[in-house]
Protein chains: 2
Amino acid sequence: MQLRRGDVLDGAMAILDEYGLADLTMRRLATSLGVQPGALYWHFPNKQTLLGAMADRILERVDAPVSSEQWDDGIAELAHRLRKALLAHRDGAELVAATYASRMTSNLARESFVGAGVRAGLPRPYAELAAYTLLYFVLGHTVDEQSRAQLEALGALTRTPASPDTETAADLGSDDDFLDGDPQVRFDFGLALFIDGVRARLATDSRTR
Amino acid sequence: MQLRRGDVLDGAMAILDEYGLADLTMRRLATSLGVQPGALYWHFPNKQTLLGAMADRILERVDAPVSSEQWDDGIAELAHRLRKALLAHRDGAELVAATYASRMTSNLARESFVGAGVRAGLPRPYAELAAYTLLYFVLGHTVDEQSRAQLEALGALTRTPASPDTETAADLGSDDDFLDGDPQVRFDFGLALFIDGVRARLATDSRTR
DNA sequence: ACCTGAACACCGTTCAAGT
DNA sequence: ACCTGAACACCGTTCAAGT
């Protein structure tokens with residue numbers, strides 16, 4: 001019957017998925033666990049630490065070894081895996097972005113990116129910087145994508161469901177055709193831009209040497 | 001003696017610069033303006049709207065016309081200008097990132113990036129996507145850079161000032177030489193990676209056509 | 001038109017005291 | 001070791017009533 005650290009974490013993840021980050025309060029979490037708010041502070045020193053543990057759990061398996069031998073495919077695989085992990089939980093991207101803002105340095109996702117960069121032939125300092133760049137892109141893109149999707153899900157319920165065929169896309173429309181296109185497409189484009197940039201740098205380097 | 005919308009905005013910016021985003025509360029703002037909390041709600045419907053107005057003010061002049069004719073220099077100039085604007089206020093990057101997460105679409109900084117991309121010769125949808133990618137990078141980098149700088153400023157005051165010469169850099173050190181190197185250098189690297197990526201895409205396009 | 005007074009419905013965190 | 005009870009010091013927002 002006793003509460004363990006893992007139970008608190010599980011409860012927090014459950015509230016996140018069902019009600020979102022804004023509704024994840026220590027008091028609500030305590031209630032859902034049938035315990036007084038103060039009890040949580042025996043298991044976690046503060047809310048920030050709990051959020052950090054949640055972020056770690058969300059990213060648990062993104063740093064697994066990559067399947068491809070090609071460095072570019074490897075980077076793409078890692079980036080896709082990271083995005084998928086973030087999208088797997090409500091407000092997942094926002095939570096991770098907020099938590100990792102202060103501790104970008106010690107970050108499993110970044111480490112993996114660095115490894116892929118080094119394997120690509122980038123000098124280590126370059127790989128470090130490239131990893132940051134990619135991480136910024138993936139986090140930024142995914143936060144945006146997720147908040148947009150949630151807004152739309154909210155609007156879809158609020159709006160009068162006129163005809164089910166038109167409600168999928170092209171609502172805000174205007175003339176920017178690509179803006180509310182498949183987020184996957186937009187993600188892949190940015191990723192390709194990044195990989196092309198790395199490739200260009202590699203070419204420059206080998207020509208210089 | 002009457003409070004105007006602009007006064008509220010000015011007061012909010014002053015609190016931001018002096019105490020940071022976390023200490024910018026409606027109640028504190030009201031007190032600093034010599035007014036009851038409720039009074040603020042006559043000028044702004046809620047805190048979120050006020051934060052949005054602050055973000056707009058921070059980015060006021062980033063979309064000014066660019067000096068260079070070269071598209072790559074133009075993009076670099078815009079990116080640098082955006083970074084500088086974010087760094088000009090305490091927690092400026094965090095505020096803008098948080099506020100613009102939901103309204104990435106209507107964003108003056110993005111518009112400028114799109115323009116530069118189109119001038120570069122990118123098809124418009126590509127330019128749109130490239131603009132997002134760059135924006136994600138600049139915001140992500142600058143949020144990180146600023147929070148890091150503020151942590152260090154805090155640590156510099158807390159830590160025993162042993163010898164003034166060693167406190168500048170290379171503290172966390174380890175073997176990652178570049179990590180706490182000049183943020184400007186790291187920023188320029190990521191920017192170069194992006195521009196190289198765009199260049200590569202342009203080359204591919206012209207070869208295909 | 002603009003603001004006060006006062007409340008409503010919350011927060012995160014601490015800590016003596018209990019078991 | 002783990003939790004309760006109860007408090008402390010706050011929040012954002014609303015709204016009748018005042019001027």
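Here is how names work: the chains are called A, B, and so on, in the same order as the sequence lines, proteins then strands, and each is numbered from 1.
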To the nearest angstrom, the CZ-C1' distance between R28(B) and dC11(D) comes to 13 Å

Applying the 3.5 Å cut-off to both distances, the Watson-Crick or G-U partner of dA7(D) turns out to be dT13(C)

Quick note, A39(B) side chain, CB onward, closest among dT13(D), dG12(C), dT4(C) is dT4(C)

To the nearest angstrom, the CG-C1' distance between L24(A) and dC11(C) comes to 13 Å

Closest to the side chain of W42(A), out of dC11(C), dC2(D), dT13(D), is dC2(D)

When both distances are under 3.5 Å in a Watson-Crick or G-U wobble arrangement, the nucleotide paired with dA1(C) is dT19(D)

Carboxylate-amine/guanidinium contact D196(B) R199(B), below 4.0 Å: yes

Here the distance between atom P of dT14(D) and atom CG of L40(B), to the nearest Å, is 13 Å

* OP1 or OP2 of dC3(D) under 4.0 Å from side-chain N/O of H43(A) -> yes

Out of dT13(D), dT13(C), dC3(C), minimum distance to the side chain of Y41(A) belongs to dT13(C)

Between CG of D23(B) and C1' of dG12(D) the distance, given in whole Å, is 16 Å

Check your understanding: Taking the P atom of each, how far is dA9(C) from dA9(D), in whole Å?
Key -> 23 Å

Residues R110(A) and E128(A) bridged, charged N to O under 4.0 Å:
yes

Only residue of R186(B), Q184(B), Q150(B), R83(B) satisfying side-chain hydrogen bond (donor to acceptor under 3.5 Å, both in side chains) with E145(B) is R83(B)

Of dT13(D), dC11(C), dG12(D), the nucleotide closest to the side chain of T25(B) is dG12(D)

Taking the six-membered ring of Y19(A), is NZ or CZ of R28(A) closer than 6.0 Å to its centre and within 45° of its axis? yes

(request) Take the angle between the ring planes of F187(B) and H80(B) and call it parallel below 30°, perpendicular above 60°, tilted in between. (result) tilted

| field | Side-chain N,O (Q36(A)) to OP1/OP2 (dC3(D)) below 4.0 Å | value | no

Atom CE of M26(B) and atom P of dC10(D) are separated, to the nearest Å, by 18 Å

F44(B) atom CZ is separated from dC3(C) atom C1', nearest whole Å, by 16 Å

To the nearest angstrom, the CD-P distance between Q2(A) and dA1(D) comes to 11 Å

I15(A) CD1 to dC11(C) C1', in whole Å, measures 14 Å

